[in-house]
Amino acid sequence: MSEPRSIVLYDTQSQTKLPFEPIEPGKVKMYICGVTVYDLTHIGHARVYVFFDTVKRFFERAGYEVCYVRNHTDVDDKILARAEETGVDPLELSAKFIDEMDRDMDALGLDRPDIEPKVSDHIEEIIEMVQTLIDKGFAYESGGDVYYRVESFDGYGKLSRRKLEDMEAGRSGRVTETDLKEHPFDFALWKGDTSEDSLGWDSPFGRGRPGWHIECSAMSMRYLGDGLDIHGGGRDLIFPHHENEIAQSEAATGHAPFAKYWMHVGMVNVAEVVDGEAVERKMSKSLGNFWTTRDVLGQYHPEAVRYFMHTTVYRNPITYSMDNLEEATCRVEYLYFTLDRIDRALKRAGYDLENPPPERAVQGPLKDLIEPFEDRLDAALADDFNTPNALALISELARASNECATCKGGPDEATCYAMSRLRAHLLTAGALLGFLRRDPTIALRELRDLRLKQKDLTAEEIDEMIVEREQARAEKDWVRADQLRDRLDELDVEIMDSPEGTTWRIRGARARQC
RNA sequence: GGCGGCGUAGCCAAGUGGUAAGGCAGGGGCCUGCAAAGCCCUGAUCACCGGUUCGAAUCCGGUCGCCGCCUCCA
């Protein structure tokens with residue numbers, strides 16, 4: 001970005017868009033809640049991390065130095081339960097799923113966060129913080145556990161704007177009452193566990209392990225200090241997780257706000273039939289309606305998955321469906337075909353793609369598209385990361401690119417120069433959103449191979465028929481050529497004849513189009 | 001019961017005070033041996049009712065429908 005632009009982002013707590021003003025000039029301190037690593041990640045997790053990857057990249061483009069921390073919760077009851085079931089050591093189990101998550105997030109092309117702390121490496125900080133809370137009267141020991149006293153914190157409920165009374169008056173039977181707690185909404189900072197063979201650490205309050213929320217407070221402050229710029233995660237973390245983090249952190253440090261901006265990503269929904277009725281519900285482990293990132297990447301190209309994620313603004317729910325993923329796949333394919341066309345046209349004209357000519361003003365009808373493009377792209381993303389608007393801009397670019405690359409008689413010098421600028425813009429936008437990052441030939445092959453796999457076809461058998469048809473065409477045997485094309489068509493293979501030869505592709509699973 | 005959100009063309013989806021981005025599908029055209037790809041043209045007054053305003057999809061009130069959170073959850 002040529003000059004500092006004001007980035008506006010929606011803050012959950014104030015329920016409004018605010019101009020981003022860093023605590024330390026030029027720096028962004030960002031903590032994003034990671035996952036509890038007892039299983040493969042699902043596509044809902046992926047949405048959150050794809051989004052914040054783009055947030056991070058955009059801040060960097062805007063000239064900020066970003067410190068991105070994302071934790072792994074590797075000590076948790078669910079991990080213990082899963083470890084018990086499978087007879088594995090809990091920390092080995094979580095280590096395995098951290099690796100699996102890395103594999104999936106790498107495949108999606110995410111940059112690794114700068115710091116990825118684990119609970120098991122920060123027990124000391126956690127114990128220290130719990131002790132501080134006890135000392136200050138915000139927490140109490142009870143039956144070997146330590147609980148946070150929600151009524152001691154004035155601001156309790158300020159993020160999720162709910163009152164303790166309202167929640168108590170709410171759905172009966174939902175809140176678990178325990179003799180150990182002073183108030184039903186008090187939550188565990190430390191869970192006592194005296195059995196020697198379970199995962200635990202010695203502490204001033206006895207042997208045990210941390211409760212759920214404390215780790216994020218302890219680890220975020222360990223790496224980013226008492227005040228962070230951005231704290232984020234999925235919408236479902238607003239209550240109780242983030243609410244509790246605020247209560248703990250601000251109580252412990254006496255410093256407010258704990259986080260200046262709270263950003264929450266909408267849920268991934270999935271359409272299902274429940275009791276004979278079509279409904280759309282949040283994807284979740286407990287409902288059992290989730291798709292793992294691994295499964296999805298087996299079916300769809302990672303860049304198509306990212307494209308799909310960007311079709312809806314991050315705060316709204318998005319529907320995971322075959323149709324939506326297919327459409328995203330088609331768009332990514334279209335963009336790569338476009339890039340491929342530009343590259344070929346430019347190479348034919350003697351352009352060196354690695355060393356584009358020095359920038360100069362564009363003349364003619366494309367001027368108004370090319371010159372202000374990056375400014376418009378930045379404006380879209382600076383407005384609370386409006387990725388659908390960014391995609392709309394990319395569509396305009398691609399259309400113009402195709403027009404240039406396929407113009408009759410071949411592009412002239414001015415058109416070639418315009419194309420090289422369009423190409424650069426496409427790549428810039430793609431780099432921010434996470435696609436168009438491969439060589440078009442490679443990407444198109446990857447896309448093709450996934451479809452071949454879907455249709456249970458091999459490239460060889462198709463190529464054979466293509467060669468046969470080319471021969472028929474060379475002999476102007478149109479009847480035979482068309483017969484072969486019809487046969488291929490039945491296999492959902494589409495043929496594209498061009499002066500450079502015949503290429504083909506597989507139609508997507510979505511109907512007979514695309 | 002409390003808190004939050006959503007309802008925009010056949011479908012997906014931006015836009016939150018000045019006469020509705022983009023994509024998919026459909027229709028018409030250019031190109032093509034014919035196709036496909038690509039390009040061009042083509043569609044909505046914004047759930048409903050009432051109000052504020054010179055002017056509202058956009059603000060206020062109400063109605064209906066859907067979803068999320070209040071329990072582990074990204």
Side-chain angles (χ1 to χ4, degrees), chain A residues 12 15 17 32-36 41-49 51-52 76-78 157 160-163 165-176 185 212 232-241 243 264-269 279-287 290 307-308 311-313 315-319 321 323-324 326-328 330-331 333-334 337-338 341 380 383 386-396 398-408 473 476 478-479 481-482 485-486 488-489 493-498 502-505 507 510-511 513-514:
Chain A
T12 305
Q15 292 185 297
K17 285 185 186 177
I32 306 304
C33 286
V35 304
T36 301
T41 61
H42 64 232
I43 201 72
H45 300 119
R47 183 188 191 194
V48 175
Y49 306 128
F51 172 69
F52 283 111
D76 175 271
D77 289 358
K78 283 188 174 157
S160 55
R161 54 194 68 241
R162 52 190 84 195
K163 302 185 182 88
E165 312 88 75
D166 293 341
M167 291 192 291
E168 282 180 272
R171 297 267 176 244
S172 56
R174 287 236 164 172
V175 182
T176 48
F185 278 90
W212 174 34
R235 279 207 89 75
D236 51 356
L237 293 183
I238 295 173
F239 190 91
H241 187 57
E243 194 67 64
H264 292 100
V265 179
M267 298 293 100
V268 174
N269 288 160
V279 292
E280 207 175 272
R281 295 191 300 178
K282 166 188 169 183
M283 181 181 291
S284 79
K285 286 271 165 102
S286 47
L287 290 172
F290 61 92
Y307 190 102
F308 159 69
T311 57
T312 301
V313 290
R315 288 191 279 129
N316 291 341
I318 193 170
T319 305
S321 69
D323 264 14
N324 290 157
E326 280 294 341
E327 187 169 327
C330 288
R331 292 307 291 165
E333 190 179 36
Y334 164 80
F337 271 122
T338 301
R341 269 184 211 108
D383 179 16
N386 192 317
T387 53
N389 277 157
L391 292 183
L393 293 169
I394 290 171
S395 291
E396 287 181 27
R399 214 186 314 134
S401 302
N402 281 310
E403 196 182 348
C404 290
T406 59
C407 70
K408 252 193 156 174
R473 289 187 75 224
K476 295 203 190 295
W478 306 127
V479 176
D482 291 350
R485 185 173 55 204
D486 289 344
L488 286 161
D489 186 68
V493 178
E494 266 175 12
I495 292 180
M496 285 101 90
D497 294 327
S498 83
T502 298
T503 53
W504 54 272
R505 65 166 191 173
R507 264 193 296 265
R510 200 165 57 114
Q513 75 242 345
C514 179

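Note on naming: letters A, B, ... go to the chains in the order of the sequence lines (proteins, then strands), and numbering restarts at 1 for each one. We use all heavy atoms of the structure for the numbers below, so side chains are in, but hydrogens, waters and symmetry mates are not. Values in this document were obtained by computation on a predicted structure and should not be read as measured data.
Side-chain contact between A/Tyr49 and A/Val35: present, with at least one pair of heavy atoms (C-beta onward) separated by less than 4.5 Å. Proximity of A/Met267 to A/Ser284: side-chain heavy atoms (C-beta onward) are nowhere separated by under 4.5 Å.
Distances from the side chain of A/Ser286 to the nucleotides B/rG68, B/rG22, B/rC72 place B/rC72 closest. Across B/rG23, B/rA37, B/rG5, the shortest atom-to-atom separation from the side chain of A/Gln15 is found for B/rG5. Checked against B/rG33, B/rA37, B/rC40, the side chain of A/Arg399 finds its nearest nucleotide in B/rC40. In this structure, the nucleotide among B/rA36, B/rC70, B/rC39 sitting nearest to the side chain of A/Phe239 is B/rC70.
With a 3.5 Å ceiling on both atom-pair distances, B/rU52 lacks any Watson-Crick or G-U wobble partner. A 3.5 Å limit on both hydrogen-bonding distances identifies no Watson-Crick or G-U partner for B/rU45. For B/rC72, there is no paired base (Watson-Crick or G-U wobble, both distances below 3.5 Å). Checking B/rC66 for Watson-Crick or G-U wobble geometry (two distances, each under 3.5 Å) identifies B/rG5 as its partner. In this structure, B/rG38 forms a base pair with B/rC30, meeting either the Watson-Crick or the G-U wobble geometry with both donor-acceptor distances under 3.5 Å. With a cut-off of 3.5 Å on both pairing distances, B/rU19 has no Watson-Crick or G-U wobble partner at all.
Rounded to whole Å, the distance from CG on A/Leu393 to P on B/rG23 is 11 Å. Going from atom NE2 of A/His45 over to atom P of B/rC72 covers 15 Å, rounded to whole Å. As rounded to whole Å, 12 Å separates atom P of B/rA36 from atom CG of A/Asp482. The separation between A/Arg161 atom CZ and B/rG1 atom P is 21 Å, rounded to whole Å. The interatomic distance linking A/Leu287 (CG) with B/rC72 (P) rounds to 15 Å, in whole Å. The separation between A/Glu165 atom CD and B/rG1 atom C1' is 13 Å, rounded to whole Å. Between A/Arg331 atom CZ and B/rG22 atom P there is a gap of 12 Å when expressed in whole angstrom units. The nearest whole Å value for the distance from the CZ atom in A/Arg281 to the P atom in B/rC69 is 11 Å.
Partner of A/Ser321 under the side-chain hydrogen bond (donor to acceptor under 3.5 Å, both in side chains) criterion, out of A/Asn324, A/Asp323, A/Thr319: A/Asn324 alone.
Position along RNA chain B of the nearest nucleotide to A/Asp76 versus A/Val313 favours A/Val313 as the more 5'-ward residue. Nearer to the 5' terminus of RNA chain B, by closest-nucleotide assignment, is the contact made by A/Ile318 (compared with the other of A/Ile318 and A/Glu403).
Judged purely by atom type and a 3.5 angstrom limit, A/Asp383 has no side-chain atom pairing as donor or acceptor with the backbone of A/Asn386. For A/Arg47 (side chain) and A/Gly266 (main-chain N/O), a donor-acceptor pair under 3.5 Å exists by modelled atom type. Side-chain atoms of A/Arg315 do not come within 3.5 Å of backbone N or O of A/Arg235 as any donor-acceptor pair. Using a distance-only test at 3.5 Å, with no hydrogens or angles considered, a donor-acceptor pair links the side chain of A/Asn402 to the main chain of A/Ala398.
For B/rA36, neither phosphate oxygen OP1 nor OP2 lies less than 4.0 angstrom from any side-chain nitrogen or oxygen of A/Arg507. For B/rC39, neither phosphate oxygen OP1 nor OP2 lies less than 4.0 angstrom from any side-chain nitrogen or oxygen of A/Lys408. Taking only side-chain nitrogens and oxygens, A/Asn269 never comes nearer than 4.0 Å to OP1 or OP2 of B/rG68. For B/rC39, one of the phosphate oxygens OP1 or OP2 lies less than 4.0 angstrom from a side-chain nitrogen or oxygen of A/Tyr334. Contact between the side-chain N/O atoms of A/Asn316 and the OP1/OP2 oxygens of B/rA14 is found at a separation under 4.0 Å. Taking side-chain N and O atoms only, A/Asn402 has a distance below 4.0 Å to OP1 or OP2 of B/rC39. A sub-4.0 Å separation between OP1 or OP2 of B/rG4 and a side-chain N or O of A/Arg162 is absent.
For A/Asn389 against B/rG22, a side-chain-to-base donor-acceptor contact under 3.5 Å is absent. Side chain A/Arg485 to base B/rA35: a donor-acceptor pair is found below 3.5 Å. Under 3.5 Å, the side chain of A/His42 and the base of B/rA74 form at least one donor-acceptor pair of N or O atoms.
Nucleotides B/rA13 and B/rC54 have their C1' atoms positioned 32 Å apart, rounded to a whole Å. Only the P atoms considered, B/rG51 is 32 Å distant from B/rC12, to the nearest whole Å. Of the P atoms belonging to B/rG29 and B/rA47, the separation is 35 Å, rounded to the nearest Å. When the C1' atom is used for both B/rA37 and B/rC31, the distance is 11 Å, rounded to whole Å. The separation of B/rG7 from B/rG17, taken at their P atoms, amounts to 16 Å, rounded to a whole angstrom. Comparing the same atom, P, in B/rU8 and in B/rC49 gives a spacing of 16 Å after rounding to whole Å. The C1' atoms of B/rA57 and B/rA9 are separated by 14 Å, rounded to the nearest whole Å. Taking atom P in both B/rG22 and B/rG15, one finds a spacing of 15 Å when rounded to whole Å.
Centre separation under 5.5 Å together with a plane angle under 30° does not hold for the ring of A/Tyr49 and the six-membered base ring of B/rA74, so they are not marked as stacked.
Annotation: the span from A/Met283 atom CE to A/Asn269 atom CG amounts to 8.5 Å, rounded to 0.5 Å.
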